[in-house]
Structure formats: C-alpha cells, structure tokens
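Worksheet for the structure shown next.
Since the structure is predicted, the reported quantities are computational estimates derived from the model, not experimental observations. Chain A is the first sequence line, chain B the second, and so forth, proteins listed ahead of strands; every chain is numbered from 1.
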Amino acid sequence: MSILVIAEHDNASLNASTLSTLAAAATIGGDVTVLVAGHNASAVVTETQAASGVTKVLVVDDAALADGLAENIASVVTGIAGEYSHVLTAASNFGKNFMPRVAAKLDMMQVSDIVEVVSADTFVRPIYAGNALMTVKSSDSVKLITVRSTAFDAVEATGGSAATEDLAFGVAFAGTSFVSRDVTESERPELATARIVVSGGRGVGSKEQFSIIDDLAEKLGAAVGASRAAVDSGYAPNDCQVGQTGKVVAPDIYFAIGISGAIQHQAGMRESKIIVAINKDDEAPIFQIADYGIVADLFDVVPELMQQL
Amino acid sequence: MKVLVAVKRVVDYNVRIRVKSDGSGVDTDNVVMSMNPFDENGLEEALRMKQAGIATEVIAVSVGDEKSQDTLRSALAMGADRAILIKADQTPEPLGIAKLLAKVVEQEGPQVAILGKQAIDDDSNQTGQMLAALLDWSQGTFASNAEFDGDAINLTRETDTGLETIKISLPAVITTDLRLNDPRLPKLPDIMKAKKKPIDIVDASSYGIDLSPRLEVVSVAAPAEREPGIIVADAAELVNKLKEAGAL
Ligand SMILES: Cc1cc2nc3c(=O)[nH]c(=O)nc-3n(C[C@H](O)[C@H](O)[C@H](O)COP(=O)(O)OP(=O)(O)OC[C@H]3O[C@@H](n4cnc5c(N)ncnc54)[C@H](O)[C@@H]3O)c2cc1C
C-alpha cells in the first residue's frame, strides 16, 4: 500500500488535523508520502519531515497555491493520485473543498469523513448527523478519503526525518482568485484540538453577555465554542460553531451552557469524554447525553463555577 | 442568465433517525420528508438573483424517485420558474448526481449552478465540487455571501478560521452555507400557482451514464449510546465530580 496524505497548513505551520490524518494512514498501513502544496512554506515542510511515520515529503511551491484554492490544489493532487493506493486529507474546510474535485476528475467516489478504518478498502463514516454509522467498501482503484480528525489520535509531531522531493506546479486555474481573509483572532486554544471546550448557546442571550463564556474559557484554559443559534445571532464568530455543519470536537470536557442540545449540535460534540450541561430547562435534550448536568440559570451557575475553580 | 438549483428530498431535520434492525439502512418509511435545508438557501439565493435582475430564469432540478416531485413543487411554490425531475429509484452517489447535473447544465446552459454544501442525510459534502470539476468551472463553496460583479462573483466563504473572500468568474458553482440567507416561506397563492407550473420528468437511465455505485454499503449501525449521567446540585459539586473523574 502507498498512501498520499495532503497536508493542511497556512504556509507557516502544519495544522494539527494533518497529524490525525497521518494516524488514519498508519492504520491503513504502508508507505506514507505527504504533499505540501503551498507558497514559501519551508517551515511547514520541515515540520512535515519530522512527523512520525512519513516516508517522503513532496513539495510544490507556487504563488497559485498560497491560499489553498481548491481548483489549484485539486489539479496538483489529480496529477499524482494515480501513483497511490489511497489519498487522504482532513475532513476540514480545506479538505472538503478540494477532495471531491479530485474525485470527479479521476472518476472516483470519495469516502467522506471517516471515523474508522476497517480494512484497506472498508471504512466507517457517520451519516444523518452522526445518528447512524455507515460501513462502506470502495471498489475504486484509488481510495480518496477525508478523515474526521477527532476519531484518530494524532501521530507524534517529532522524531521523523523524511526526505523531500520537489514537484513542479502546472497551470493556475484562471477563473478563481483569492481576495481576502478575515481570521478570527483569539488567545484561546484552537477549538478543534483543545482539551476543554466551553460552548454557549442562545440561552446566553447577547453578544455582550457571551463574555461570561469567554471568561470561563479563559479561567479553564479552554477553547470557546457555540451553537448555531449563538452564531446566527452574532454572539460568536462562525468558526466557533460546533455541530453537523460546524466543527466536530471531542475534548476531555465539553461545557454546553444555555444550549438545548439539538441533534445537529450533538453531532459535533457527542464524542467528548465528559459532557457538562448547564441549562434551566430540565427537559432540554442535552441532559440525555450529559455526564453532569446542572438545572439552573447559567448566570447564577457560571459565576459560582468561576469562584470554585 | 439562467440559474440551476439542485434540490434534494431528505428526511426532515426534526425527525428522530432510526436505524433499521437488519442494519441495511435508515428507516425512511412514513417519516416526514422535506427539502434539504441547504438547498432552500440555494433556491432563495437564486430567487434573489432574479429579483435583482441578475437571473432571468430559475430552474430547480432534483434526482430521486417519483416522490421528489413534492420537493420540486415546494421549489416552484417558493418561486422557481420550472422544474426537472431526473427519475432514479435508487438515489445515485454524489458522483452520479454530479454527472447527471452536468448533463442538465449542458442542455440548459445556466451560468450559475447552486447546490447545498451538504445533504443532511448522507452528509457527504461532495456534489457541488464534483459538478464544478466535471464542468471545469470555478467553485465557491460554503458560501455565506455572494455579490455579483459583472461576470464574476465576490464570494464569502465560511472557513475553519473565520471568513474568506474569493473572486470566481462565471460560469460557476456555488454551494451554500446556512447563513447565506433566510429562505422565504411560500404563501398559499404561490402554492396554488405552483401546481400549474411544469415539471419535466426524465429517466436517469436516458442520459447514458453508468450510475452503478462505487461504494458498497456493508452495514448501517446506530452509534453507541452514552452512559446515563447525573444531575448535580451546584457548581461546587460539579467541580468535585470533575476532580474525582481526574478531568480537572
Ligand atoms: C441543516 C441544519 C444544520 C444545523 N447545524 C447545526 C450545527 O452545526 N450546530 C448547531 O449548534 N446547530 C445546528 N443546527 C441548529 C439546531 O437545530 C438548533 O436550532 C440549535 O443548535 C439551537 O441552538 P441553541 O441550543 O443555542 O438554542 P435553543 O435551542 O434555543 O436553546 C437555548 C437553550 O438555552 C436554555 N436557556 C435559556 N436561558 C437560559 C439561562 N438563563 N440559563 C440556562 N439556560 C438557559 C434554554 O432552556 C434552551 O434549552 C442546524 C439546523 C439545521 C436545520
């Protein structure tokens, strides 16, 4: 088996999701090559060489690859995918954007968002917002896969010493160009990989009052999450959304505060080790999956909790 | 310009999903079905393009069995001008759907195709990107805003770190995120009028595309239940419990 993993990065550092993708690759087994497609991304290449289990790092450097545009990333991957038995990337915004493009160009069916490797051609993936788990067997000659990061424990970031090989970039796709990026600045740890996540929902009531969530997160060294209702109402930025259509997280502790626990929200957090729910409605569905629940007003409980910590 | 909007009939997002006991799939008999929520955003966007004088005709397309006509009727009631049902008894995989939609694009010649970023049943998040690839069009995925500017679109995408704006030239595929717009609710007269609007029905097999699945469904299982938890009295007890569990 020879596996190609497409690295996710911002030209400065390797995204932790890639280490989880490498773990999925290790489960399949075989030689692992990582593609770093970017621009002036030598720091990423160095990091990738050091990651555990990597045999070779392919480097494609071009200005057209600086911003991860799907059309250009897909053209690089399409050109080399045929040399591998598997192509894997994270089921992140980046991976979801380009991988289906590769699949269609190669006339193959992608397997999205896998949570388990059963064998080299058989994988488990959640459907219906995680309310069912489907096991599928792929008959395509190259398995094109996106990997749910929370389902695979990241490989060691250090210890490896993979060789590099440069590849030339072809022609940039004319129809798409990057304009601007508006990155949410936060001092909190990254939501996707944080050990503790503190999430607020519509019950928090306003953007101003959402500071109670930020404060608790700060006290716990936790990342901040939100329900869709909280994001839609402008209490929190879109990249905080946890759920079927937001991020999937699986921290050691997940605090759901003023969140009812709709299945679409549960889809993004039900694999957390410990779930704590604070909600004044004792019939809120979140209590059905919470390990510890407090039925009370969040504006009473959260300040008390801050004092206890 | 014409705009093509793909709509899928799915189990309503409020329905409690039940996995069939024989592990062959999810029970979809006698459950409430509705239009995939993301497709409502797609249709709404197309209708707004028409209101703004950017689009001249909005065509809704669905791939599915006879019953997908209901979903197309909803699309017509919202304001689509006409509808096409590509009839397939077994819903094809995203790759097959993308191939069928590419054929419709060839026939109808739209400048924009709008799809939901994912269908809430299969959660694959593939079809729009695949359609763009087959047509060699630009793709603007997970859109939360789309500003038309001549023959290009300034498209804002929701990403894992915030927002990103790209410029895509027409023709292009857009896939929608839920925050793109608030889909309208059709009014009764529109629902009545929709009954008279045309739905073309075409057999999927008539396109001469091999739609046989590439992924064999081995089994479908319910996820493991979580162990039942406990209600604690207050913050102090919670902190104690978390410490006992070694989590704090
Ligand atoms: C296609 C689709 C995709 C979706 N994707 C997502 C997704 O990815 N993520 C997501 O989160 N949702 C998603 N949703 C939305 C989801 O269905 C729910 O609407 C949403 O999660 C509700 O958010 P909420 O729990 O914050 O709000 P609500 O359901 O309104 O719950 C608010 C809760 O706060 C409690 N509360 C109010 N005041 C207080 C107080 N003072 N103290 C304590 N408790 C209080 C209430 O009792 C209530 O339980 C999706 C929906 C659809 C249709």
Side-chain angles (χ1 to χ4, degrees), chain A residues 69-71 74 92-93 96-97 100-101 103-105 108-113 122 126-140 175-184 232 237-239 244-245 247 252-253 264 270 274 276 289-295 301 304-305 308-309, chain B residues 11 13 17 19 26 93-95 98 118 120-127 129-130 132-134 137-139 141-142 144 154 158-169 172 177-179 214-223 226 229-232 234-236 238-239 241-242 245 247:
Chain A
L69 291 176
E71 292 85 344
S92 57
N93 187 287
K96 288 171 180 171
N97 194 20
R101 208 168 163 107
K105 291 278 186 199
M108 291 179 190
M109 241 320 276
Q110 172 184 324
V111 185
S112 290
D113 207 15
T122 306
I127 55 173
Y128 287 93
N131 285 295
L133 294 169
M134 181 162 77
T135 304
V136 291
K137 184 174 170 171
S138 165
S139 59
D140 282 324
T176 303
S177 56
F178 175 78
V179 177
S180 63
R181 184 169 291 133
D182 182 1
V183 174
T184 306
D232 284 357
N238 68 278
D239 49 294
Q244 181 182 23
T245 56
K247 285 184 185 155
D252 288 350
I253 317 177
Q264 293 84 10
R270 59 171 289 148
I274 295 178
V276 175
I289 61 161
D291 298 279
Y292 305 110
I294 302 185
V295 184
V301 178
E304 264 172 50
L305 192 54
Q308 297 283 333
L309 291 164
Chain B
V11 174
Y13 76 97
I17 298 302
V19 173
V26 161
E93 291 171 339
L95 181 64
Q118 73 196 72
I120 60 166
D121 48 3
D122 179 61
D123 283 335
S124 274
N125 197 329
Q126 298 176 354
T127 312
Q129 297 89 314
M130 286 179 159
L134 294 173
W137 285 10
S138 295
Q139 65 184 54
T141 56
F142 325 148
S144 63
N154 280 308
E158 295 202 354
T159 72
D160 290 338
T161 55
L163 297 170
E164 171 183 295
T165 302
I166 56 173
K167 192 174 183 115
I168 55 177
S169 12
D177 223 312
L178 296 168
R179 277 177 283 273
R214 310 291 184 80
L215 304 179
E216 177 201 338
V217 178
V218 178
S219 64
V220 176
R226 287 186 71 97
I230 55 168
I231 296 292
V232 294
D234 53 23
L238 174 64
V239 171
K241 292 284 181 200
L242 290 174

Query raised in the report: How close do A:Ala104 and B:Leu134 get, heavy atom to heavy atom, and via which atoms?
Result: O-CD2, 3.8 Å
Query raised in the report: If you count heavy-atom pairs under 4.5 Å between each of A:Asp140, A:Val276, A:Thr122, A:Ile274 and chain B, which one has the most?
Result: A:Asp140
Query - Option in B:Ala98, B:Pro94, B:Pro223 with maximal non-hydrogen atom pairs under 4.5 Å from chain A - result: B:Pro223
Report summary line: One option among B:Met130, B:Gln126, B:Glu164, B:Glu216 has the most heavy-atom pairs under 4.5 Å with chain A, and it is B:Gln126
Query raised in the report: Using a cut-off of under 4.5 Å for heavy-atom pairs, which of B:Val220, B:Ile166, B:Ile231, B:Asp160 has the most such pairs with chain A?
Result: B:Asp160
Query raised in the report: For the atom pair NZ (A:Lys96) and OG1 (B:Thr141), what is the distance rounded to the nearest 0.5 Å?
Result: 10.5 Å
Query raised in the report: Would a 4.5 Å heavy-atom cut-off, applied to side chains only, mark B:Asp122 and A:Met134 as touching?
Result: yes
**Report entry** Close side-chain approach of B:Ile230 and A:Tyr292, heavy atoms under 4.5 Å
**Finding:** yes
Query raised in the report: Can you tell me how far OG1 of B:Thr161 sits from CG of A:Asn238, rounded to the nearest 0.5 angstrom?
Result: 8.5 Å
Query - B:Thr159 side chain to A:Asn93 side chain, donor-acceptor N/O pair below 3.5 angstrom - result: no
Report summary line: In terms of heavy-atom pairs under 4.5 Å with chain B, the winner among A:Val111, A:Val183, A:Asn131, A:Val295 is A:Asn131
Query raised in the report: What's the verdict on side-chain contact (heavy atoms from CB on, under 4.5 Å) for A:Thr176 and B:Ile168, showing C-alpha distance, side-chain angles and the deciding distance?
Result: CA-CA 4 Å; A:Thr176 303; B:Ile168 55 177; 3.8 Å; yes
Query - chain B contact via A:Ala290 - which portion, at a heavy-atom distance below 4.5 Å - result: backbone
Requested in this report: Would you mind telling me which of A:Met109, A:Gln308, A:Glu304 has the largest number of heavy-atom pairs within less than 4.5 Å of chain B?
Outcome: A:Met109
Report summary line: Heaviest contributor of heavy-atom pairs below 4.5 Å to chain A, chosen from B:Leu242, B:Asp177, B:Thr127, is B:Leu242
Requested in this report: Go through the structure and list residues passing side chain to side chain contact (heavy atoms under 4.5 Å, CB included) with B:Ser219, not counting sequence neighbours.
Outcome: A:Thr135
**Report entry** Partner chain B: residue of A:Arg181, A:Arg270, A:Lys137, A:Gln264 with the largest heavy-atom pair count (under 4.5 Å)
**Finding:** A:Lys137
Report task. Below 4.5 Å from any heavy atom of chain B, which atoms of A:Lys247 appear? Answer side chain, backbone, both or neither. Result -> side chain
Query raised in the report: More than 12 non-hydrogen atoms from neighbouring residues, nucleotides or ligands closer than 6.0 Å to OH on B:Tyr13, yes or no?
Result: no
Report summary line: Max heavy-atom pairs within cutoff under 4.5 Å with chain A, candidates B:Ser138, B:Ser169, B:Ala172, B:Ala132, goes to B:Ser138
Query - Whether A:Lys105 side chain and B:Ala133 backbone form a donor-acceptor pair below 3.5 Å - result: yes
Report summary line: Assert top hit (heavy-atom pairs under 4.5 Å, partner chain B, pool A:Asp113, A:Asp232, A:Asp252, A:Val301) equals A:Asp232
Query raised in the report: What distance do A:Leu305 atom CG and B:Leu238 atom CG have between them, rounded to the nearest 0.5 Å?
Result: 6.0 Å
Requested in this report: Output, in order, the C-alpha distance, side-chain angles, deciding distance and verdict of side-chain contact (heavy atoms from CB on, under 4.5 Å) for B:Leu95 and A:Met108.
Outcome: CA-CA 7 Å; B:Leu95 181 64; A:Met108 291 179 190; 5.6 Å; no
Query raised in the report: At a heavy-atom separation under 4.5 Å, does B:Val217 approach chain A through its side chain, its backbone, both, or neither?
Result: both
Report summary line: Whatever's closer than 4.5 Å to a heavy atom in chain B on A:Glu71 counts as side chain
Query raised in the report: For the side chain of B:Arg226 and the backbone of A:Ile289, is there at least one donor-acceptor N/O pair under 3.5 Å apart?
Result: yes
Query raised in the report: From B:Asp123 CG over to A:Ser112 OG, what is the distance, rounded to the nearest 0.5 angstrom?
Result: 9.0 Å
Query raised in the report: Under the salt bridge (Lys or Arg N to Asp or Glu O under 4.0 Å) test, which residues partner A:Asp182, sequence neighbours left out?
Result: none
Query raised in the report: chain B heavy atoms under 4.5 Å from A:Ile253: which part of the residue, side chain, backbone, both or neither?
Result: side chain
Report task. Output the option from B:Asp121, B:Val239, B:Ile17, B:Val19 having the highest count of non-hydrogen pairs under 4.5 Å with chain A. Result -> B:Asp121
Query raised in the report: Quick check: does any side chain N or O of B:Gln139 sit under 3.5 Å from a backbone N or O of A:Asn97, one acting as donor and the other as acceptor?
Result: yes
Query raised in the report: Taking the side chain from B:Gln129 and the backbone from A:Ala70, do they hold a donor-acceptor pair closer than 3.5 Å?
Result: no
